[in-house]
2 protein chains.
Amino acid sequence: MRRPLTFDPIDEAGRQWSQRWDHVEAMRAATSIMRAQQIVLARVDEALRPWELTFARYEVLVLLYFSRQGRLPLGKMGDRLMLHQASITNLVDRLEQQGYLRRRPHPTDRRTTLAELTEQGRSIIEAATKAVVEARVGLSELDADDSDHLYRILTKLRLGAGDFEPDRSRSDRHRGD
Amino acid sequence: MRRPLTFDPIDEAGRQWSQRWDHVEAMRAATSIMRAQQIVLARVDEALRPWELTFARYEVLVLLYFSRQGRLPLGKMGDRLMLHQASITNLVDRLEQQGYLRRRPHPTDRRTTLAELTEQGRSIIEAATKAVVEARVGLSELDADDSDHLYRILTKLRLGAGDFEPDRSRSDRHRGD
DNA sequence: CAATATTACTTTGTGATCAAACTATTTGTC
DNA sequence: GACAAATAGTTTGATCACAAAGTAATATTG
């Protein structure tokens, strides 16, 4: 049912917007981000289909894969991935059903649950990542410069949103504060 | 429960990623896009809360607002907003309940349904947009150059995803095709 | 002009996310 | 040590998006 458009709908919306309101650039950028997210998500999900993984579940596995022991508390994973507790619970439920990780009690703190990569989990991550890399993480149209630029601009945004606080205790402090 | 991070989680993930796999820049950019979308969505939704609108429903109203007669077929709105038919149906359901638009039969084609802005709909769009513009559409940390850059880079992506086909029948055709 | 295909929208079911409420455990304080 | 506050994770209920199937109307064609 999708009819192809012969014009950029965001550019067109921008034209109308700018006749009445301010900050067209922000409007165009924000709308582009929304759309870009859909595109990336769809492409990565597609690349991950053979393992029945979604981007979100894949990120959980990669995070575990990167951890020293292959296991982390659920809460810590939520912090790192900027996800809600309930979302982590759901993702881990699903990954546990799939046999890619298992829950383990924390050795000392009985409140916390650890997610631990299974052998199967570890090995599919390597295969799945190969597919994700081949798909250029959904950004095949962009070269390294474009991607870096994107990352740098969006980091300003993430910083402003309080995602993280650059560690000011060591080195590069310039502004007199 | 959110613990503040003292480092950029994407930068950290990139460090690990680059030790094993290719295309770190794409990985960082893609992850940033995912996160940026969450941030923008949360901020715009927040700005729209007084009217009980979400970004998605707001976009539907703005699209109608921009149309000559304040009414459009549901299908056309889906094309413009890159949304699935069912999503449009849901959004229009909700906006109709809220009294911001109403469904109207198409005068000649009895298959198509038009969504038509109500007076209330028209007036709240103006107020709601004021709030959205004040929030800089969720991108307060970015200047006009950043936003333009973002837009231009992401347009490459959207073009590659087949979102639209630049009209090659008129003007600027350079490459010999 | 009847059969078939296409188009427009709705319905239903599923997956993902979040907020809020809940249980269990640990930490802090007097 | 007892009790309040904080922390970890789960459960429940809402919203939103999409896929697939269903209904209705229009267009095509033999």
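Here is the naming used below: chain letters follow the sequence lines, and residue numbers restart at 1 for every chain. Note that these values count all heavy atoms, side chains included, but never hydrogens, waters or copies made by symmetry.
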What are the atom names and distances for every N/O pair under 3.5 Å that joins the protein to nucleotides 14-16 of chain D?
from, atom 1, to, atom 2, distance (Å)
dC16(D), OP1, Arg57(B), NH1, 2.7
dC16(D), OP2, Arg57(B), NH1, 3.0
dC16(D), OP2, Arg94(B), NH1, 3.3

- Query: Which ring-ring contact (aromatic ring centres under 6.0 Å, His included) pairs, counting each pair once, include a residue from residues 114-154 of chain A, with sequence neighbours left out?
  - Reply: His149(A)-His149(B)
- Please give, in whole Å, the distance from dC18(C) P to Leu81(A) CG? 11 Å
Could you pull out every donor-acceptor pair under 3.5 Å between side chains of residues 56-64 of chain A and any protein atom, sequence neighbours left out?
from, atom 1, to, atom 2, distance (Å)
Arg57(A), NE, Gln98(A), OE1, 3.3
Arg57(A), NH2, Glu52(A), O, 2.8
Tyr58(A), OH, Thr129(A), OG1, 2.7

- Would you mind reading off the distance between Gln97(A) atom CD and dA16(C) atom P, rounded to a whole angstrom? 11 Å
- Those residues at least two apart in sequence (or on a different chain) that pass side chain to side chain donor-acceptor pair (under 3.5 Å) with Arg158(B) are Asp8(A), Thr155(B)
- Query: Whole-Å distance between dT7(D) C1' and His106(A) NE2?
  - Reply: 13 Å
- Note on the structure: Per-nt protein contacts along nucleotides 19-28 of chain D (heavy atom under 4.0 Å; B base, S backbone sugar-phosphate only, - none) come out as B-----BS--
- Query: How many Å lie between CG on Leu74(B) and P on dT7(C), as a whole number?
  - Reply: 17 Å
- Message: Just the rounded figure in Å: distance from P of dA8(D) to CG of Leu114(A).
- Response: 12 Å
- Query: Please, which pairs that meet salt bridge (charged side-chain N to carboxylate O under 4.0 Å, His left out) have at least one residue in residues 81-105 of chain B, sequence neighbours excluded?
  - Reply: Asp93(B)-Arg103(B), Glu96(B)-Arg103(B), Arg102(B)-Glu116(B), Arg104(B)-Glu116(B)
- Task: Examine dA16(C): is either OP1 or OP2 under 4.0 Å from a nitrogen or oxygen in the side chain of Ser87(A)? Give yes or no.
- Result: no
Would you mind writing out the side-chain donor-acceptor pairs for residues 119-126 of chain A within the sub-3.5 Å range, not counting sequence neighbours?
from, atom 1, to, atom 2, distance (Å)
Ser123(A), OG, Gln120(A), O, 3.1
Glu126(A), OE2, Tyr65(A), OH, 2.6

- Is Thr112(B) near enough to dA8(C) that one of its side-chain N or O atoms lies under 4.0 angstrom from OP1 or OP2? no
- Message: Using the side chain to side chain contact (heavy atoms under 4.5 Å, CB included) criterion, which residues pair with Glu12(B)? Sequence neighbours excluded.
- Response: Arg80(A), Phe7(B), Arg15(B), Gln16(B)
- Task: Go through the structure and list residues passing side chain to side chain donor-acceptor pair (under 3.5 Å) with Arg111(A), not counting sequence neighbours.
- Result: Asp109(A)
- Figure out the CD1/P separation between Ile88(A) and dG9(D), and round it to whole Å. 10 Å
- Message: Would Lys156(B) and Asp146(A) count as a side chain to side chain contact (heavy atoms under 4.5 Å, CB included) here? Give the steps.
- Response: CA-CA 10 Å; Lys156(B) 286 195 205 181; Asp146(A) 287 334; 2.7 Å; yes
Taking only distance into account, with no hydrogens and no angle test, what donor-acceptor pairs under 3.5 Å do side-chain atoms of residues 22-29 of chain A form with protein atoms, sequence neighbours excluded?
from, atom 1, to, atom 2, distance (Å)
His23(A), NE2, Arg136(B), NE, 3.2
Arg28(A), NH2, Asp148(B), OD1, 3.1

- Query: Residues in side chain to side chain contact (heavy atoms under 4.5 Å, CB included) with Gln37(B), at least two apart?
  - Reply: Ile33(A), Met34(A), Gln37(A), Leu41(B)
- Item | For DNA chain C, the residues among residues 32-46 of chain A that have a non-hydrogen atom under 4.0 Å from it | none
- Task: Decide side chain to side chain contact (heavy atoms under 4.5 Å, CB included) for Ser147(A) and Leu139(A); before the verdict, give the C-alpha distance in whole Å, the side-chain angles of both, and the deciding distance to 0.1 Å.
- Result: CA-CA 8 Å; Ser147(A) 289; Leu139(A) 300 180; 4.2 Å; yes
- Task: Mind calculating the distance between CZ (Arg49(A)) and P (dG15(C)) to the nearest angstrom?
- Result: 14 Å
- Could you give the CG-to-P distance, from Leu101(A) to dG9(D), as a whole number of Å? 13 Å
